[in-house]
Each structure stands twice: as C-alpha cells, then as structure tokens.
Amino acid sequence: MTQLSAAVCALVTTLAALTATTAPAASAPATPEPRAPKDFVALSSVDPTIIQEVRYFTLHNFVGERIDGYREPLCILTRPAARALHEAQRKLLPRGYSLKVYDCYRPQRAVDHFVRWAKDPDDQAMKAEFYPNVDKSRLFADGYIAEKSGHSRGSTVDLTVVRLPATPTRPYRPGEHLTPCFAGQDERFPDNSVDMGTGYDCFDTLSHTLDPRIQGEQRANRVLLKSTLKSLGFVNLAEEWWHYTFKPEAHPDTYFDFPVSRRPLAGHR
C-alpha cells in the first residue's frame, strides 16, 4: 500500500468513527398513555341530563390554574357509580331538581399537582375564597390535601343539587375580587347550586355535612342530597357535604392515572 493510500484509509476510518459518535441516537418510542379499564364510562353516556361543571378543568379552583390531567371538562366514573347517579337523577327530576357534578374520576397526576401546590407556601392566590381561615401550612395536617385520593379509584364524585330550570354559572375571571366560600350565597362566587351553606371545595369546618351551624334551608338542601344518594349506595365523607363514594367500589385498592378525556375510553360502551 502506498503512503497516499494508507493516509486515505486512515482518514476514512477516522471519519467513520466520528460519524458513529456524533450521529443522533434513535429517539426512544413515546410511552403510551394509560388506558381506562373497560368498566369506566363517561357519565354523559349513562345520563346526559346530569349537569357537569368540572372545576379542575377551569381556573376557578383552590390552586387557581387548570389541574394536570384534565384535558376535557368531562365526568368519568365506574359504570356502577354512573348508573347509581342516573337513578338519583330520576328521583330528583320530578321534584324540579338536577344533580350537578364538580369532579368525578381524578387522575393521580392531578393529586400530585395538589401536593406540589400545597408544599409551596408562597402560592396563595386563591386563599381569600377557598381557605381564608386556614393557614396553608396546615392543609395536610387538617386533611384538606393528601397524597392519595379516593377519586382516583373511579367511584367517588363531588356534586350538588340545582333547581330547574338551571341558570348557567358565569365564568370565573382571573384576578377578580375573591369572597370567602362561607359568605352568604348572594356574596360568594355565583353558583347555580341550591344554597348548601358554603361553596364547593371550601376548606372550612362549615363544610362538614351536618355541622350544627348549618340550619334551615341550607341544612335541608344538604339532607336532600345525602338522603337521595344514600338510598342508592353512596357514602358521604362527613367533612365535605359534596363528597360521595359509591359502595362497593369496583377498584378499592387501585389509583389510576389515565387523563380525563374521551380518548382513554375509546371503544367503551
């Protein structure tokens, strides 16, 4: 081999090695989104008359921003829970009322979002409405925030009662003046719900379902919701008038993380 040929071979070898080390690595395949089990359904497919106002899809919640995992304003539940809500709606409609859901299945990523927010003492943008009397450092100790939620199991729902015909709730305007969630119904943020004594997600002991300070029409409205749902297998969380779990739960020990949208339900009936 001539000296020139040897030099050319050495150059080709060097370039090949350089190309091998600098060529972009093949991109890893995207992790597929988790799918919902077959017994999860959109509530609207079981009962389209139940009003849906999914708060965590909006900015009007205690965090003040859309919550991770809420891609559509959609209520998803296990089929037995959805069917039980349908039966509750059948009881209420002849009396001039409708159910309205605020939250249903909640992915674990949304719960993680709550936890991150709760650990940030500087983010108190929504305090004046949702937790005016609670120091944010107490949210875990007082049970308002936890690292797991029954909502992630698919049989828990946050809801209220609306008198028909329903007047739409006006949109929340970011930066608007906030009023405590336990103020009078005419003072707190407008909601087409009957008067339950506090707004939804009010971090205060007045939200306890049977708090003795809640009397008259407000107590009667809470009892209406509780008695209607209890007769169909729902159990109330005593600290939150809006929080109910259908029993027996289809997935009592599993916390799901598929996003709130129709896509993970594709093919379900």
Side-chain angles (χ1 to χ4, degrees), residues 24-48 50-86 99-120 123 139-140 143-159 200-201 229 233-235 237 240 242-269:
S27 57
T31 303
E33 281 277 25
R35 303 275 295 173
K38 292 187 179 299
D39 60 340
F40 279 72
V41 295
L43 176 62
S44 59
S45 69
V46 177
D47 193 320
I50 296 175
I51 300 167
Q52 299 191 31
E53 185 184 318
V54 180
R55 286 283 187 89
Y56 299 140
F57 181 78
T58 76
L59 306 182
H60 187 222
N61 58 65
F62 59 86
V63 176
E65 61 187 20
R66 183 182 295 179
I67 304 304
D68 290 354
Y70 285 81
R71 298 182 184 171
E72 295 180 45
L74 181 69
C75 172
I76 296 173
L77 288 168
T78 54
R79 186 174 286 105
R83 286 175 174 168
L85 283 190
H86 168 64
L99 293 173
K100 180 174 81 169
V101 296
Y102 294 115
D103 192 37
C104 302
Y105 158 74
R106 181 185 305 164
Q108 181 61 46
R109 69 190 75 182
V111 180
D112 295 342
H113 191 166
F114 293 163
V115 170
R116 291 194 305 273
W117 167 83
K119 291 179 178 180
D120 180 1
D123 185 352
L139 292 180
F140 285 103
Y144 294 113
I145 300 292
E147 295 188 354
K148 295 287 184 181
S149 170
H151 282 273
S152 302
R153 301 194 296 261
S155 296
T156 294
V157 58
D158 293 343
L159 73 174
Y200 169 57
D201 260 356
L229 294 177
F234 285 95
V235 177
L237 178 66
E240 299 178 352
W242 56 82
H243 181 115
Y244 286 84
T245 299
F246 181 75
K247 301 284 188 173
E249 291 185 69
H251 304 279
D253 302 310
T254 307
Y255 297 84
F256 296 99
D257 193 41
F258 59 89
V260 177
S261 73
R262 294 187 182 277
R263 188 170 183 177
L265 302 174
H268 293 202
R269 293 183 180 179

Strictly distance-based, threshold 3.5 Å: is any side-chain N or O of [X] a donor or acceptor partner for the main-chain N or O of [Y]?
| X | Y | answer |
| --- | --- | --- |
| R83 | V46 | no |
| D257 | Q108 | yes |
| R35 | A266 | yes |
| E33 | P264 | no |
| H243 | D158 | no |

Would you call [X] and [Y] a side-chain contact if the rule is heavy atoms closer than 4.5 Å?
| X | Y | result |
| --- | --- | --- |
| P107 | R71 | no |
| Y70 | D103 | yes |
| F140 | V115 | yes |
| F246 | L77 | no |
| Y56 | F62 | yes |
| T156 | L237 | no |

Over 60° means perpendicular and under 30° means parallel, so classify the ring planes of F258 and Y105, tilted if in between.
-> parallel
Within 45° of the ring axis of F40 and under 6.0 Å from its six-membered ring centre, is that where the NZ or CZ of R79 lies?
-> no
Cut-off 3.5 Å, side chains only: do N61 and Y102 have a donor facing an acceptor?
-> no
Distance-only side-chain donor-acceptor flag, R153 / Y255, under 3.5 Å = yes
To the nearest 0.5 Å, atom CG of L74 lies from atom CZ of F57 at 10.0 Å
Carboxylate-amine/guanidinium proximity below 4.0 Å for E249 and K247 = yes
